[in-house]
Chemist: 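Quick one: the structure is below, questions incoming.
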Amino acid sequence: MGERDELFDQDAGRRKTIVEALLFAAEEPLSARRIAGILDDATPSLVVDLIADLDADYLREGRAFRIREIAGGYQIVTRPDLAEWVASLHGPGSPPRLSQAALETLAIVAYKQPVTRAELESIRGVGVDGVLRTLVERELVRIAGRAEGIGRPLLYGTTDHFLEYFGLPGLDALPRPDELEVLFADRERQTELELEDEEAGGEPGA
Amino acid sequence: MGERDELFDQDAGRRKTIVEALLFAAEEPLSARRIAGILDDATPSLVVDLIADLDADYLREGRAFRIREIAGGYQIVTRPDLAEWVASLHGPGSPPRLSQAALETLAIVAYKQPVTRAELESIRGVGVDGVLRTLVERELVRIAGRAEGIGRPLLYGTTDHFLEYFGLPGLDALPRPDELEVLFADRERQTELELEDEEAGGEPGA
Amino acid sequence: MAGESTGHSVRLESLDFEGPLELLVYLVQKNEVDIWDIPIALIAEQFMAYVQAMTPERLESAGEFLLMAATLLRIKSSMLLPRPEIDEEELEDPRRELVLKIIEYQQFREIADHLREHESDRRLVFSKGYREAMEGGEDGPAEPDPERRASLSDLLRAFAELMRDQARERLHRLEPIPVTIEEKAAFVRELLARQGRATFEELFVPGEPRTHWIVTFVALLEMAREGEIRLRQGETFGQIHVYPREVA
């Protein structure tokens, strides 16, 4: 093999590795065009070849993943025959994310407990039936008794699972309103719906 | 090779593939324990062996990724030498680095946890309100309870995300204070100091 | 060494120290003095020079610097007192407490440096950004990170913001709402029709009264509930994107 070919091979190997890194780290399927744009010295069709090459590597080496073409792009995905194993990762351990409504309602329950549905609705300004049901189902909120007075409405409170979920050692570890001010004050500007990406790092004043 | 060994090998290969699929699909570092729990027929130490094996495969095959131990678990990550390529995928969106003030505060939290805001301020000699807010928001610091005593101030500690953020396998991967190159010479007296200050760690005469 | 004390103050002024301890560490290093035998008069003098030259922007932390200055002066004067002959062993060096503080602080600064290195290393490696990786379904890619767990910080923020909103509500309750949900919904539709999708913040026109934003927000919730639009957020503080339903 001439020196030239060797150089070429090195280059091809380097490109293949970069393509692999890109496919691995991307959040969504990447088109050959996009990859070629990043590589800068490769055409989309070369990229397609490199991807085929990678996929062949995975097959030959018995890797747990393959490359699949999705939505006009390429993506590394786990092999279908391993699906049941992968699914066990996402078992009951990770229920869907709480909605903002659920989070708000939960926050009020945590701070105002024991609290009636009417109180929750008056603070949030909207009905909370569905949200409350979800929270009870997910064992973040429990029925904590009945209020005195007309109709003796149900009272709601948080559960032990609530503490666990948020990593709180106990209910009294919830910051008091004055402590909340310290932890979350000054967000006025940012609360104006995040006009700038707020993670502006540096904390000059501190 | 006997039939038995072949079966064994097949089994080991199968397990390795499953471990790979799990590591690949997980969104956070997976502990050997968790993987062993999913595999059902493997011990954590076998899992650790399989992971080492996979990592060796990646090295040998020149894959674009390796396995790292982070936050008490294992995670597949792209190779550092490919960083600039991968970064170009994400654009300028990566979160800003922590400020010096945030890092110093975080260092104190890591070593002194659980720690109150007052202690942090006394060590740093400046207020830490803003910094603490940033650290809680970035989920590097968590509320770890309340101290006894007047006002029962909140206590702070580090999170798992803290370990992930810095790529640390665990808190004990941080250097011990007596391992630090303290630039203020006079090591002997410093050792004296530590013996007085902390529980006598058992590091006889430097 | 002590003779050239004032020579440093000029350049010192231009440096920025976050707190008094940082300044002290700097002075100890710069003067190359023994931490265990700090020439307190010298250090105090340079410290005061810095404090006096502090710019107005730094006045926020002036209190902390002044407190330290007072400590330095107190130590300096107690060093001048004649020491009683008795029990010299037991007599504490008036500098001791301060020295311990400086050393402790310096240790944490070094740990901070250590963390900085880890931060840099960590930023060179990337984990898989895409979580739904199972072959089989043909329904295209899943939304990024749909199952991120709510953190305590999310919860607390929700409450802090509710409290603030309530306080604000009380102040603004009598204001008539000069815009309707329908109008805002129409605005959103028009924007989406024009550009296919929109970021959350594009929908909130800067300078509009807060009530408009609230109405826009309610309109969005309404439209999302009706399935007319979809909201997506890639990461916690990331951009929220608004899509019309048809776009897959």
Side-chain angles (χ1 to χ4, degrees), chain A residues 13 16-27 30 34-35 37-40 54 57 61-65 76-79 81-83 85-91 93-94 166-170 172-176 179 182-187 197-206, chain B residues 13 16-27 30 34 38-39 54 57 61-65 76-79 82-83 85-86 88-90 93 95-102 105 114 117 124 126-134 136-138 142-146 152-155 159:
Chain A
K16 194 167 97 173
T17 307
I18 295 168
V19 171
E20 185 174 39
L22 293 174
L23 287 176
F24 177 83
E27 277 172 35
L30 293 178
R34 171 117 192 260
I35 296 174
I38 293 174
L39 278 178
D40 206 25
L54 275 172
D57 286 354
E61 292 156 8
R63 297 268 73 91
F65 35 78
I76 308 181
V77 298
T78 49
R79 271 162 34 193
D81 59 300
L82 298 166
W85 296 101
V86 174
S88 61
L89 262 188
H90 312 309
S94 54
F166 290 102
L168 283 166
D172 75 339
L174 279 173
R176 294 185 306 260
E179 292 166 330
V182 174
L183 282 172
F184 288 98
D186 248 25
R187 296 213 16 119
D197 187 349
E198 52 77 59
E199 305 224 57
E203 205 70 79
Chain B
K16 194 168 102 173
T17 307
I18 295 169
V19 170
E20 184 174 39
L22 293 175
L23 286 177
F24 183 84
E27 63 180 321
L30 291 180
R34 172 120 192 258
I38 293 174
L39 278 177
L54 278 171
D57 286 356
E61 292 156 8
R63 296 269 73 89
F65 34 78
I76 307 182
V77 297
T78 53
R79 272 164 30 193
L82 299 166
W85 298 101
V86 179
S88 62
L89 256 189
H90 297 303
R97 286 165 184 270
L98 292 170
S99 66
Q100 179 66 20
T105 307
R117 192 184 67 184
R124 289 203 54 229
V126 286
V128 296
D129 279 353
V131 180
L132 214 43
R133 187 161 64 232
T134 307
V136 169
E137 282 189 355
R138 290 184 67 167
R142 70 193 170 90
I143 295 169
R146 283 187 187 277
R152 307 209 57 222
L154 289 172
L155 289 166
T159 60

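Letters A, B, ... are given to chains in the order of the sequence lines, protein chains preceding strands, and every chain is numbered from 1. Side chains are part of it too, since the values below use all heavy atoms of this structure and drop only hydrogens, waters and symmetry mates. Computed from a predicted structure; not experimentally measured.
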Chemist: Can you tell me which portion of B/R117 sits under 4.5 Å from chain A's heavy atoms? Options are side chain, backbone, both or neither.
Modeler: side chain
Chemist: Find the distance between CZ (A/F24) and OG1 (B/T78) and round it off to the nearest 0.5 Å.
Modeler: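 Going from CZ on A/F24 over to OG1 on B/T78, the span is 7.0 Å.
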Chemist: For B/I143 and A/P169, work out which heavy atoms get closest and say how close.
Modeler: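 The pair with the smallest heavy-atom distance is O-CD, 3.9 Å.
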Chemist: Relative to chain A, which segment of B/A144 carries a heavy atom at a distance below 4.5 Å: side chain, backbone, both, or neither?
Modeler: backbone
Chemist: If I measure from the heavy atoms of chain B, does A/L30 come under 4.5 Å with its side chain, its backbone, both, or neither?
Modeler: side chain
Chemist: Please classify the contact between A/R34 and chain B as side chain, backbone, both or neither, with a heavy-atom cut-off of under 4.5 Å.
Modeler: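 Only the side chain of A/R34 comes within 4.5 Å of chain B.
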Chemist: So which part of B/V19 gets closer than 4.5 Å to some heavy atom of chain A, the side chain, the backbone, both or neither?
Modeler: neither
Chemist: Any chance you could lay out the side-chain contact (heavy atoms from CB on, under 4.5 Å) test for A/T17 and B/R79, step after step, and finish with the verdict?
Modeler: CA-CA 10 Å; A/T17 307; B/R79 272 164 30 193; 3.7 Å; yes
Chemist: Is it the side chain or the backbone of B/L155 that comes within 4.5 Å of chain A heavy atoms, both, or neither?
Modeler: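 The answer is neither part of B/L155.
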Chemist: Mind listing the closest non-hydrogen atom pair of B/G145 and A/A173 along with its distance?
Modeler: CA-CB, 3.9 Å
Chemist: Heavy-atom pairs under 4.5 Å with chain A - which of B/I76, B/T159, B/L39 has more of them than the others?
Modeler: B/I76
Chemist: So which atom in A/S88 and which in B/I38 form the shortest heavy-atom distance, rounded to 0.1 Å?
Modeler: OG-CG2, 3.2 Å
Chemist: With a 4.5 angstrom heavy-atom cut-off, is it the side chain or the backbone of A/I35 that approaches chain B, or both, or neither?
Modeler: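 Nothing of A/I35, per the 4.5 Å heavy-atom cut-off to chain B.
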Chemist: So, A/E61 and B/R63, do they make that salt bridge, N to O below 4.0 Å?
Modeler: yes
Chemist: Using a cut-off of under 4.5 Å on heavy-atom pairs, state which of A/D172, A/L22, A/L82, A/D57 scores highest against chain B.
Modeler: A/D172
